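This report concerns only the one structure given below.
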Amino acid sequence: MVASIGVLALQGDVREHLAAVAACGDVRGVPVRRPSELDAVDALVIPGGESTTMSRLLETFELLEPLRKRLADGMPAYGSCAGMILLADEVLDGRPDQQQLGGLDVVVRRNAFGRQVDSFETDLPFTGLPGGPVRAVFIRAPWVESVGPAVEVLATVPQRTRSGADAGAAAGRPVAVRQGPVLATAFHPELTGDLRVHALFCDMVKAAVAIS
Ligand code: GLN
């Protein structure tokens, strides 16, 4: 059976994630807007965009509770940027009415990089990915402030960014994490054409589908 990977299609860079999933081959990528569409997928990608807007739309589209339940039941999920914020158990600097999906035992800080470096690119060593560092695009990104015991840190901000700027307080902050079937990056691999993070997620999904 070909695994089917949904991309939450309420807001954000949905098309880019659908293209990245499709390019992995051997899996099907489908947009998810309705609870019935969520029921039909084996896994879900939550794209970059704006977490407060997505949170509101999850409620409007009556997806919040069904999605929380699927995650609690162990559905594989990958969140990039706003998706990472939504998957985190706790968010700092969020809006008071912002809802968390949960499933990832981390505290994230929204818009953590601040004004001066709020968007930048750098090369990140990424544990478990073959082929050298990953080009990471950060756009008003969060970082991870703290992780629970079951969370594996896969990448952190280097001391110097690609342009040579000192990362300052950002240095060493986790920006890619995994907890069992849940993967999250503070950056946007869907924007670079480097498919290795999506390929890692597709492998996680195929492994989960094979044992279910
Ligand atoms: N700052 C955005 C938020 O709070 C995330 C930005 C992004 O996904 N590129 O959701």
Side-chain angles (χ1 to χ4, degrees), residues 5-21 29 31-33 44-61 63-64 67-68 71 77-104 106-124 126 134-147 154-157 161-163 167-170 173-178 182-195 197-198 201:
I5 300 183
V7 176
L8 186 66
L10 301 178
Q11 190 263 338
D13 60 349
V14 176
R15 252 190 334 175
E16 289 80 356
H17 277 289
L18 282 169
V21 167
V32 166
R33 275 186 210 92
L44 190 70
V45 174
I46 305 175
E50 175 50 53
S51 58
T52 55
T53 306
M54 269 189 248
S55 161
R56 211 159 18 80
L57 293 171
L58 281 166
E59 292 182 279
T60 307
F61 283 72
L63 275 167
L64 185 61
L67 186 43
R68 280 182 174 152
L71 290 166
Y78 166 47
S80 74
C81 201
M84 172 190 252
I85 295 171
L86 284 160
L87 287 169
D89 284 347
E90 194 182 333
V91 60
L92 304 175
D93 297 337
R95 274 183 34 168
D97 60 345
Q98 175 162 10
Q99 303 283 342
Q100 298 310 115
L101 293 166
L104 190 55
V106 299
V107 180
V108 297
R109 186 175 294 280
R110 199 169 149 249
N111 300 336
F113 290 86
R115 281 239 184 106
Q116 290 194 351
V117 284
D118 74 0
S119 297
F120 66 103
E121 290 187 27
T122 198
D123 294 321
L124 294 178
F126 194 115
V134 168
R135 171 63 55 84
V137 177
F138 292 86
I139 305 168
R140 292 178 56 73
W143 69 43
V144 176
E145 291 260 334
S146 63
V147 303
L154 302 177
T156 58
V157 178
T161 66
R162 222 178 112 71
S163 65
R173 301 284 183 176
V175 284
V177 290
R178 176 175 176 180
V182 178
L183 178 70
T185 60
F187 53 89
H188 294 269
E190 73 278 11
L191 299 181
T192 60
D194 180 346
L195 292 173
V197 174
H198 287 81
F201 182 59

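Remember, it's 1-based here, ligands and their atoms both numbered in the order they're listed. Bear in mind that the values here come from a model prediction, so they are computed numbers and not experimental data.
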Practice task
Quick one: sort the His198 and His17 rings into parallel, tilted or perpendicular, breaks at 30° and 60°.
Solution key: tilted
Handout entry: Heavy-atom donor-acceptor pair, Gln11 side chain to Gly49 backbone, under 3.5 Å
Key = no
Practice task
Using atom types as modelled and distance alone, determine if a side-chain donor or acceptor of Ser55 lies under 3.5 Å from a backbone N or O of Gln99.
Solution key: yes
Completion exercise
Residues pairing under salt bridge (charged side-chain N to carboxylate O under 4.0 Å, His left out) where one sits in residues 82-98, two or more places apart or in two chains, turn out to be Asp93-Arg109, Arg95-Asp97
Exercise for the section: Give the ring-plane orientation class for Phe126 versus Phe187, where under 30° counts as parallel, over 60° as perpendicular and anything between as tilted. Expected result: perpendicular
Fill in the blank from the handout: Heavy-atom contacts under 4.0 Å to ligand 1, chain-then-number order, include exactly Gly48, Gly49, Glu50, Ser51, Cys81, Ala82, Ile85, Arg110, Asn111, Ile139, Arg140, His188
Problem - Check: Arg110 side chain, Ala82 main-chain N or O, donor-acceptor pair, under 3.5 Å - result: no
